[in-house]
Amino acid sequence: MRVLVQKFGGTSVAGPSEREHVLRKVLAAREMGYAVVVVVSAMGRRGAPYVTDTLLELLREGKATPRETDLLLACGEIVSGVVLAAALRARGVAATFLTGPQAGLITDETHGEARIIRVEPRRLRQELEEGKVVVVAGFQGMSEKGEVTTLGRGGSDTTATALGVALQAEAVEIYTDVEGVKTADPRLEGTARTLERLTYNEVCQLAQEGARVIHPRAVEIAMQANLPLWIKNTFSDGPGTLVVNGAFEQTVMIKADRPVTGITQIAPLTQFILEVEGADQVRAFRALAAEGISLDFITVLPERVIFNVREENEAKTRATLAALGFRPQMRPKCAKVAAVGAGMTGRPGIMAAIMESLAAEGIAVLQSADSYTTIWCLVKEEEMPRAVTALHRRFCA
Ligand code: ADP
Ligand code: ASP
Ligand code: MG
């Protein structure tokens with residue numbers, strides 16, 4: 001049995017006309033002889049009735065437990081999957097729908113951000129062997145205790161690659177509303193180019209730095225099994241982006257000789273500057289960790305620490321530090337812009353080029369950091385689009 005997993009994001013299944021394109025892709029795969037698993041996201045984007053953000057809004061007025069929140073959120077993908085399975089059946093295709101738990105996705109117990117620990121694909125495989133297209137609700141699984149969990153925002157991608165690995169699929173195709181992985185977010189940078197081939201590592205880095213076209217965990221799972229991964233546009237027949245293994249990496253680097261693969265951004269962040277030393281620094285980090293606040297972009301100097309948190313964690317961070325008697329300086333509405341690329345390793349002059357490009361636009365760098373493959377700059381959020389454009393022009397045009 002040749003298995004293909006196709007995952008369709010929210011915009012791809014938004015309504016009947018969008019679903020037509022989905023049906024076309026599924027039917028084409030069937031015609032090519034594949035046993036097809038279709039993973040779906042909730043229908044539509046922000047504002048649509050059954051989409052994840054709308055379901056979260058419903059809970060604003062009350063206090064749902066993390067367990068109940070996950071039960072509610074799981075409904076979005078269930079609605080979407082049942083509707084798509086029905087549409088397939090109307091086309092004469094034998095189809096069935098399975099929730100994440102029914103498809104055998106076993107996760108840990110971290111509600112809202114659960115990790116898949118195991119897949120038991122027996123039922124799914126059986127349905128495929130009976131010749132059915134199996135539609136699976138993305139973004140959800142079940143803990144060992146039998147609780148429904150969700151996999152974190154954007155987690156339907158993870159469902160797709162986990163099932164791909166479990167079923168030894170020939171490939172996983174992630175269908176979305178853009179042509180593939182691009183050199184920058186096309187919403188910010190109209191001239192961004194689609195990248196034809198990338199390594200798992202490159203895509204993982206881009207995704208971790210904010211290119212939300214694919215979930216980084218989905219890439220990690222595919223990488224572990226060397227599973228070919230495509231990112232394609234539901235609404236076109238473009239070739240998309242193929243993500244392959246590291247053996248190809250050297251070839252890409254030498255051939256392309258391009259230090260930067262792409263430009264990414266994450267916003268809004270709030271920068272905290274805390275004028276404390278030694279043991280007080282340790283106390284601050286311990287207290288923030290105990291509150292489960294994730295820190296980003298951390299700089300420790302003898303006389304101060306600087307770090308950033310997501311805007312939604314700003315109040316909690318301030319309160320936690322205040323409880324210790326600390327009065328941090330805060331800079332809200334910041335953005336982290338990154339130049340990402342395996343090809344920058346060992347190449348001098350990249351930081352100079354970044355500083356030059358940003359300075360030419362009058363953009364101040366509020367903080368910076370680097371690794372072998374990434375240079376991050378913190379800028380004001382209002383300057384982020386111009387920063388992305390300037391760096392894209394310099395490295396990716
Ligand atoms: P889906 O609902 O299909 O999962 P997402 O909204 O999660 O779609 O991801 C697709 C979006 O990712 C695109 O519309 C695009 O704006 C955004 N994006 C951000 N960075 C990139 C990038 N480097 N390449 C392609 N798309 C990107
Ligand atoms: N519906 C979920 C979200 O909006 C999962 C997904 O679309 O991948 O995050
Ligand atoms: Mg997504």
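Read the numbers this way: they start at 1 and go in the same order the structure lists the ligands and their atoms. Being a predicted model, the structure only gives us computed values, none of them experimental. Start at 1 with the first residue, then count along the sequence.
Listed by number with element, the atoms of ligand 1 under 4.0 Å from a non-hydrogen atom of R187 are 14 (O), 16 (O). Applying the 4.0 Å criterion to heavy atoms of P186 picks out, from ligand 1, the atoms 25 (C), 26 (N), 27 (C). Heavy-atom contacts of K7 reach the following atoms of ligand 1: 4 (O) (cutoff under 4.0 Å). Near G180, the atoms of ligand 1 lying under 4.0 angstrom from a non-hydrogen atom of the residue are 24 (N), 25 (C). Atoms of ligand 1 lying under 4.0 Å from at least one heavy atom of R45, given by number and element, are 5 (P), 6 (O), 8 (O), 14 (O). In the vicinity of S156, heavy-atom distances shorter than 4.0 Å reach the ligand 2 atoms 5 (C), 6 (C), 7 (O), 8 (O).
Between Q281 and P302, the closest heavy-atom pair is NE2-O, 3.5 Å. Scanning both residues, L391 and S357, for their nearest heavy atoms gives CD2-CB, 4.1 Å. The two residues L88 and A95 make their nearest non-hydrogen contact at CB-CB, 3.9 Å. Taking each heavy atom of I214 and D157 in turn, the nearest pair found is CA-OD2, 3.3 Å. The shortest non-hydrogen separation linking A335 to M384 is CB-SD, 3.6 Å. Closest heavy-atom contact between V82 and F97: CG2-CD2, 3.7 Å.
The shell of residues lying under 4.0 angstrom from ligand 2, judged by heavy atoms, excludes G10. For the ligand labelled ligand 1, residue V178 lies inside the 4.0 Å heavy-atom shell. The closest approach between any non-hydrogen atom of A184 and ligand 1 is below 4.0 Å. Ligand 2 is approached by G154 to a heavy-atom distance shorter than 4.0 Å. The closest approach between any non-hydrogen atom of G262 and ligand 1 is not below 4.0 Å. Proximity of A192 to ligand 1 is not established, as no heavy-atom distance is less than 4.0 Å.
Both tests do not hold together for K25 against Y175: distance to the six-membered ring centre under 6.0 Å, angle to the ring axis within 45°.
Atom 10 (C) of ligand 1 has its closest protein heavy atom at T176 OG1, 3.4 Å. With hydrogens left out, the protein atom closest to atom 2 (C) of ligand 2 is T52 OG1, 3.3 Å, a heavy atom. The protein heavy atom nearest to atom 7 (O) of ligand 2 is S41 OG, 2.9 Å. For atom 21 (C) of ligand 1, the closest non-hydrogen atom of the protein is D185 CA, 3.7 Å.
Both L163 and V172 are part of a single hydrophobic cluster, where members link through side-chain heavy atoms under 4.5 Å apart.
For the side chain to side chain contact (heavy atoms under 4.5 Å, CB included) criterion with H111, the lone passing option out of T149, V148, T150, T65 is T149. In summary, of the residues considered (K333, K336, Q367), a side-chain hydrogen bond (donor to acceptor under 3.5 Å, both in side chains) with Q271 occurs for Q367 alone.
Close N/O approach between T183 and ligand 1 is not found [any backbone or side-chain N/O within under 3.5 Å]. Looking at ligand 1, you won't find any N or O of D157 less than 3.5 Å from one of its N or O atoms. Of the polar atoms of S41, none of the N or O atoms is found under 3.5 Å from an N or O of ligand 1, judged by distance alone.
Relative ring orientation between H21 and F235 is described as perpendicular, the plane-to-plane angle rising above 60° on a 0-90° scale split at 30° and 60°.
By heavy-atom distance, the residue among E77, H215, R153, R212 lying nearest atom 9 (O) of ligand 2 is R153.
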request  = Under the side-chain hydrogen bond (donor to acceptor under 3.5 Å, both in side chains) rule, what do E291 and T320 come out as? Steps first, then yes or no, please.
outcome  = CA-CA 8 Å; E291 285 298 322; T320 306; 4.7 Å; no

